[in-house]
Amino acid sequence: MQRIGVFVCWCGSNIAATVDVAAVAEALKNEPGVVFATDYQYMCSASGQEIIKDAIKEHNLTGVVICSCSPRMHEVTFRRTVEAAGLNPYMLEIANIREQCSWIHKDKAEGTEKAIILGRTAIAKVHLNAPLTAQESPVVKRALVIGGGIAGIQTALDIADAGFEVDIVEKNPTIGGKMAQLDKTFPTLDCAACILTPKMVDAGANDKIGLYTYCEVDKVEGFVGNFKVTIRQKPRFVDATKCTGCGECTTKCPSKKNPNEFNMGLDNRPAIYIPFAQAVPKLATIDPDDCIYMKTGKCGLCSKVCTAGAINYEQKEEFITKEYGAIVVATGYNQIKPTEFEEYGYNNYPDVVTSLEFERLMNAAGPTKGHLLRPSDGKPPKKIVFVQCVGSRGQSCRDKSYCSKICCMYTAKHAMLVKDHYPDVDVTVFYIDVRTPGKNFDEFYRRAVEEFGVHYVKGMVGKVSEEDGVLKVQASDLLANEQIHMDADMVVLAAAIEPNESARSLATMLTASMDTNDFFTEAHAKLRPVESPTAGVFLSGTCQGPKDIPETVSQASAAAAKVIGLLAKDHLLCNPCVSHSNELLCNGCSTCANVCPYGAIDYVTKEINDHGVRETRRVAVVNEAVCQGCGACTVTCPSGAMDLKGFANRQIMAEVDAICR
């Protein structure tokens with residue numbers, strides 16, 4: 001017979017405001033097997049934990065139920081508490097009466113009734129709990145960083161500095177990401193390339209860092225400490241061991257009408273190209289869709305001029321399999337193409353550009369060599385209009401529901417740079433709100449207005465049209481309560497940012513969580529902001545949500561610290577809540593093995609004694625060191641042979657019965 005203790009937490013006023021905690025403790029005191037019940041203001045506090053320890057010893061408890069917040073918050077804390085008092089940590093159950101009860105019920109009587117029911121279900125489960133012992137699994141001392149932007153680079157450098165090997169997988173031919181495309185960075189107006197390039201070089205030269213550029217993650221297997229990842233190496237048609245990056249092939253290539261992705265399609269590149277001068281690794285790549293030789297079998301000029309003999313038109317796709325202890329997602333973002341926003345004329349007028357396209361026009365390494373010229377005719381503009389929140393903040397059904405966070409600041413930067421380089425250019429910014437929450441951000445914005453004379457108008461642009469080569473902007477001034485009609489030579493759209501298009505498929509491979517906007521979800525917004533709910537998978541940069549560069553770098557180092565803490569361990573404790581097979585019920589159908597995402601189930605042929613009848617049968621065997629307790633096999637098994645320790649079918653049904661009675 002179990003001797004169960006029940007501990008009801010007030011959680012300050014979080015629970016106590018809508019739940020009568022004393023009444024809950026009194027009601028649960030009468031449940032079968034309960035020998036002690038009490039309530040306390042903060043059960044997770046040191047004094048609250050002492051109450052639990054003392055009760056376990058004084059009342060010789062065999063099971064503990066804590067009615068408090070979500071087990072995601074303090075389950076580990078409470079397990080350590082009961083273990084310190086001599087009780088098996090898996091004889092603990094937590095009834096979530098905060099998130100599932102007090103936070104969603106305003107009526108105190110209703111909240112109290114539900115809290116009692118939730119406590120009763122936890123008690124029913126504890127009656128059937130059995131002590132479990134965690135096993136250990138070794139940790140592979142290598143990390144994988146998916147994405148080679150500033151977030152991925154910073155994460156990899158920090159991990160490598162701690163002495164651990166780390167690989168960066170980047171889908172583009174070079175690392176650098178979006179930051180490599182920028183001209184200056186706010187709020188200091190540092191040269192983006194001057195900041196980024198040394199880190200790129202450090203990553204390429206570090207013997208602890210492996211660069212897998214022009215690659216994508218194809219498959220992820222395993223679990224925390226023991227991931228097996230298959231990397232797909234796309235063919236460059238250039239031998240990376242021979243190419244010197246001299247660029248001779250790029251200058252001689254006759255196919256030069258291909259949109260340059262690095263310059264946002266504002267100019268063209270050859271079919272064989274190096275993305276930009278500071279690329280790491282500095283290797284040429286052939287685009288087979290544009291290469292004359294690859295399409296017709298003629299030309300081959302790049303092969304003829306390459307003195308290193310690096311060109312290999314027969315190169316094939318390769319697959320590389322490696323093992324990692326931890327994975328960091330740093331897949332970054334894309335800026336939306338405002339093609340759906342027809343009112344701005346982006347589809348029709350070349351002088352309507354996005355902010356990232358404007359970055360390239362202002363960049364000394366860009367298509368105009370840093371001279372601000374209109375894409376339509378190559379003439380310098382005299383009037384520029386910036387439009388904020390294009391596709392952000394849910395202004396229409398086409399918009400993202402969130403604020404893209406960086407737009408206010410980079411628009412102030414653009415406006416300031418234009419006025420600094422071209423004082424005679426008239427600059428107007430249309431905005432909803434100006435958001436400048438970072439360190440020195442508001443001072444930066446006010447400098448644009450007060451020192452450089454940028455004209456900010458609180459209002460929305462309703463339409464952009466063109467007459468005789470001049471853009472006609474129709475907008476509203478909400479403060480003056482009037483409509484504005486003005487001419488412009490260029491219109492720059494601060495378009496929303498969104499997760500990289502690879503994020504959703506990658507999340508599926510990693511069994512990681514995402515929100516409705518396809519940003520990766522952290523394990524806990526406040527307490528575990530760089531961890532995903534999937535153990536061993538960490539988040540870095542804008543894959544989690546919109547961020548500026550300082551915030552991205554900070555999170556990258558935080559993710560690296562978490563990875564280092566994991567890789568520093570020789571062994572990890574495995575989850576003891578693993579599947580096991582009832583050999584008497586198993587019919588060897590392989591259904592469970594087919595759905596197991598970790599490859600933890602094998603089959604053996606053995607002699608089974610089924611109620612005195614001996615027969616040789618094929619049965620499932622679970623490798624407990626590999627099993628992660630997801631439960632997929634238990635719900636799939638047609639004969640009911642598979643069950644999950646700690647969450648057995650009879651335990652779940654006992655909880656259901658407790659709710660219904």
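For reference, positions follow the sequence shown, starting with 1. Values in this document were obtained by computation on a predicted structure and should not be read as measured data.
- The local environment of CD in Glu342 is sparse, with at most 12 non-hydrogen atoms from other residues, nucleotides or ligands closer than 6.0 Å.
- Using modelled atom types, no side-chain atom of Ser102 and backbone atom of Val19 make a donor-acceptor pair closer than 3.5 Å.
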- Query: Are Glu93 and Asn129 close enough, and set up right, to give a side-chain hydrogen bond (donor to acceptor under 3.5 Å, both in side chains), and what steps lead you there?
  - Reply: CA-CA 9 Å; Glu93 287 297 324; Asn129 279 9; 3.1 Å; yes
- Any chance you could lay out the side-chain hydrogen bond (donor to acceptor under 3.5 Å, both in side chains) test for Ser502 and Thr331, step after step, and finish with the verdict? CA-CA 8 Å; Ser502 64; Thr331 48; 5.2 Å; no
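- Under the 4.5 Å side-chain criterion, counting only non-hydrogen atoms from C-beta, Met409 is not in contact with Asp548.
- Between the side chain of Ser532 and the backbone N or O of Thr534 there is at least one donor-acceptor pair closer than 3.5 Å.
- Residues Ile497 and Asn334 have side chains not in contact (no heavy-atom distance under 4.5 Å, counting atoms from C-beta outward).
- Counting all heavy atoms, side chain and backbone alike, Tyr410 lies closest to Gln335 at OH-NE2, 3.3 Å.
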- Message: Please determine whether salt bridge (charged side-chain N to carboxylate O under 4.0 Å, His left out) holds for the pair Arg3 and Glu58, giving the CA-CA distance in whole Å, both sets of side-chain angles, and the decisive distance to 0.1 Å.
- Response: CA-CA 12 Å; Arg3 295 179 58 83; Glu58 182 180 347; over 6 Å; no
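- Contact check on Glu340 versus Lys400 returns no salt bridge, with no Lys/Arg side-chain nitrogen under 4.0 Å from an Asp/Glu carboxylate oxygen.
- In this structure, CG on Leu510 lies 6.0 Å from CZ on Phe520, to the nearest 0.5 angstrom.
- Taking OH of Tyr42 as the reference point, atom CD1 of Ile51 lies at 13.5 Å (rounded to 0.5 Å).
- Judged by distance alone, with hydrogens and angles left aside, the side-chain atoms of Thr511 form no donor-acceptor pair with the main-chain N or O of Ala507 at under 3.5 Å.
- Between Asn88 and Glu83 there is no side-chain heavy-atom pair separated by less than 4.5 Å.
- Closest of all the heavy-atom pairs between Ala658 and Ala124 is CB-CB, 3.9 Å.
- For the pair Lys178 and Tyr333, the cation-pi criterion (under 6.0 Å, within 45° of the ring axis) is fulfilled.
- Within 6.0 Å of CZ on Arg446 lie more than 12 heavy atoms contributed by other residues, nucleotides or ligands.
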- Task: In sequence, state the C-alpha distance, the side-chain angles, and the governing distance for Lys562 and Glu531, and then conclude on salt bridge (charged side-chain N to carboxylate O under 4.0 Å, His left out).
- Result: CA-CA 8 Å; Lys562 288 291 185 179; Glu531 301 170 63; 3.4 Å; yes
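- Under 3.5 Å, the side chains of Gln388 and Thr411 contain a donor-acceptor pair of N or O atoms.
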- Task: Decide yes or no on salt bridge (charged side-chain N to carboxylate O under 4.0 Å, His left out) for Glu26 and Lys29, but give the supporting numbers first.
- Result: CA-CA 5 Å; Glu26 187 63 31; Lys29 186 183 295 183; 3.6 Å; yes
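- Remark: the Thr636 side chain and the Thr591 side chain contain no N/O donor-acceptor pair separated by less than 3.5 Å.
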- Item | Steps toward salt bridge (charged side-chain N to carboxylate O under 4.0 Å, His left out) verdict (Arg120, Glu655) | CA-CA 8 Å; Arg120 198 164 63 211; Glu655 291 185 284; over 6 Å; no
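- A donor-acceptor pair under 3.5 Å links the side-chain atoms of Thr112 to the main chain of Asp20, judged by distance alone.
- With a 4.5 Å cut-off on side-chain heavy atoms, His127 and Gln651 do not count as touching.
- Between Phe444 and Phe186, the ring planes are tilted. Angles from 30° to 60° get that label.
- For the atom pair NZ (Lys569) and CD1 (Ile564), the distance works out to 13.5 Å, reported to the nearest 0.5 Å.
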- Give the C-alpha distance, both sets of side-chain angles, the deciding distance and a yes or no for side-chain contact (heavy atoms from CB on, under 4.5 Å) between Gln555 and Gln544. CA-CA 10 Å; Gln555 190 186 21; Gln544 184 196 11; 2.3 Å; yes
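- In this structure, Phe430 has its ring center at least 6.0 angstrom away from the ring center of Tyr456.
- Proximity of a side-chain donor or acceptor of His105 to a complementary backbone N or O of Asp107 within less than 3.5 Å is not detected.
- Across Pro338 and Val390, no two heavy atoms sit closer than the pair CB-CG1, 4.2 Å.
- Between the side chain of Asp643 and the main chain of Asn649, a donor-acceptor pair closer than 3.5 Å is present.
- Two residues are said to be in side-chain contact when any heavy atoms from C-beta on lie closer than 4.5 Å; Ile601 and Cys592 meet this criterion.
- Taking the side chain as every heavy atom from C-beta outward, Arg79 and Val76 never approach each other to under 4.5 Å.
- How far OG of Ser70 is from CD of Glu99: 5.0 Å, rounded to the nearest 0.5 Å.
- For the pair Asn226 (side chain) and Gly222 (backbone), a donor-acceptor distance under 3.5 Å is absent.
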- Pair Val6-Cys67, side-chain contact (heavy atoms from CB on, under 4.5 Å): steps then yes or no: CA-CA 7 Å; Val6 177; Cys67 301; 4.3 Å; yes
- Message: Please determine whether ring-ring contact (aromatic ring centres under 6.0 Å, His included) holds for the pair Phe78 and Phe7, giving the CA-CA distance in whole Å, both sets of side-chain angles, and the decisive distance to 0.1 Å.
- Response: CA-CA 11 Å; Phe78 288 130; Phe7 304 86; 9.0 Å; no
- Item | side-chain contact (heavy atoms from CB on, under 4.5 Å) between His74 and Ile94, worked out | CA-CA 9 Å; His74 294 304; Ile94 295 180; 5.6 Å; no
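- When all heavy atoms of Gly640 and Leu585 are compared, the closest pair comes out as O-CD1, 3.7 Å.
- In the model, Thr81 has a side-chain atom that pairs as donor or acceptor with a side-chain atom of Gln49 under 3.5 Å.
- Under the 3.5 Å distance criterion, with hydrogens and angles disregarded, no donor-acceptor pair is assigned to the side chains of Ser639 and Asn587.
- Distance check, rounded to the nearest 0.5 Å: SG of Cys577 to CZ of Phe647 gives 5.0 Å.
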- Task: Decide yes or no on side-chain contact (heavy atoms from CB on, under 4.5 Å) for Glu498 and Tyr402, but give the supporting numbers first.
- Result: CA-CA 10 Å; Glu498 61 184 0; Tyr402 51 85; 3.8 Å; yes
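- For the atom pair OG1 (Thr18) and CZ (Arg98), the distance works out to 11.5 Å, reported to the nearest 0.5 Å.
- Under the 4.5 Å side-chain criterion, counting only non-hydrogen atoms from C-beta, Lys526 is in contact with His524.
- The main-chain N or O of Ala503 is never found under 3.5 Å from a side-chain atom of Asn500 such that the two would form a donor-acceptor pair.
- Side-chain atoms of Glu110 and Ile104, non-hydrogen and from C-beta on, never get closer than 4.5 Å to each other.
- At distances below 3.5 Å, at least one donor-acceptor pair connects side-chain atoms of Gln2 with backbone N or O atoms of Val126.
- Put simply, the side chain of Asp477 never gets that close to the backbone of Asn481: no donor and acceptor are under 3.5 Å apart.
- Minimum interatomic distance between Ala475 and Val461 (heavy atoms only, all atoms of both residues): CB-CA, 3.9 Å.
- Between Phe386 and Tyr431, the ring centre distance reaches or exceeds 6.0 Å.
- Contact detail for Leu644 and Thr634: the closest heavy-atom pair is N-CG2, 3.8 Å.
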